[in-house]
Amino acid sequence: DGTKSWILQVTRHHWDGIEDEVKQWVQQNWKRWEKEEPEWLDDNIKAAIPVEWIPVEKDRQKESRRRLSMERPSLMEKIAGNTIKVLPEEE
């Protein structure tokens, strides 16, 4: 699974022609991954998996809530690699 996980790290347009197989792989393994928590299945990989591919409604809801609770950096934070704060100028 760790070897196959690279496909989840690239943009979805790379999935053309294999999307059904990737979906099936996720659906067949999601429950086990949730129990085993493999190192490669980090928050970024989970976020790349379409929620509708998660096979059980309860698990889809759990993952949706997890994604909503994640603090996502702004584009500027990603570029700078840290938090940028703009403070008003004192008079």
Side-chain angles (χ1 to χ4, degrees):
D1 289 342
T3 303
K4 288 182 180 179
S5 71
W6 72 269
I7 194 64
L8 299 171
Q9 299 175 41
V10 297
T11 59
R12 286 185 73 170
H13 78 270
H14 290 290
W15 301 1
D16 285 345
I18 62 167
E19 186 168 345
D20 289 339
E21 289 140 34
V22 176
K23 179 180 179 180
Q24 183 178 16
W25 172 62
V26 169
Q27 290 176 332
Q28 290 174 344
N29 293 286
W30 181 264
K31 201 65 154 168
R32 180 172 56 83
W33 296 339
E34 284 289 286
K35 286 180 186 174
E36 295 176 2
E37 299 179 351
E39 188 174 313
W40 61 266
L41 189 64
D42 61 17
D43 288 342
N44 292 323
I45 297 292
K46 283 184 176 182
I49 297 170
V51 174
E52 61 271 15
W53 288 10
I54 299 171
V56 178
E57 178 63 27
K58 179 180 168 186
D59 293 338
R60 284 193 293 273
Q61 291 174 355
K62 177 183 170 187
E63 179 60 17
S64 293
R65 283 191 305 274
R66 186 195 68 80
R67 291 179 188 190
L68 287 172
S69 71
M70 291 175 55
E71 182 178 319
R72 297 187 182 190
S74 70
L75 178 58
M76 290 304 295
E77 290 171 338
K78 287 180 183 178
I79 291 169
N82 58 20
T83 303
I84 299 171
K85 294 185 179 187
V86 177
L87 302 174
E89 194 173 306
E90 289 187 31
E91 293 183 31

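Transitive grouping of hydrophobic side chains (ILVMFWY, heavy atoms separated by less than 4.5 Å) keeps I49 and V56 in distinct clusters.
Note on R67 versus E63: salt bridge recorded, some NZ/NE/NH1/NH2 to OD/OE distance being below 4.0 Å. For E57 and R60, the salt-bridge test passes: some basic side-chain N is under 4.0 Å from an acidic carboxylate O.
Across P55 and W30, no two heavy atoms sit closer than the pair CD-CB, 3.8 Å. Between D42 and I45, the shortest heavy-atom distance links the atoms OD1-N, 2.9 Å.
Here the CD-CG distance, from Q27 to D20, works out to 9.5 Å after rounding to the nearest 0.5 Å. Put simply, CD1 on I54 and NZ on K31 are 10.5 Å apart, with the number rounded to the nearest 0.5 Å. Note that CG of L68 is 10.0 Å distant from CZ of R66, once rounded to the nearest 0.5 Å.
More than 12 heavy atoms of other residues, nucleotides or ligands lie within 6.0 Å of CD in E52, so this atom counts as buried by the packing criterion.
Checked against the 6.0 Å centroid threshold, W53 and W25 do not count as a close aromatic pair.
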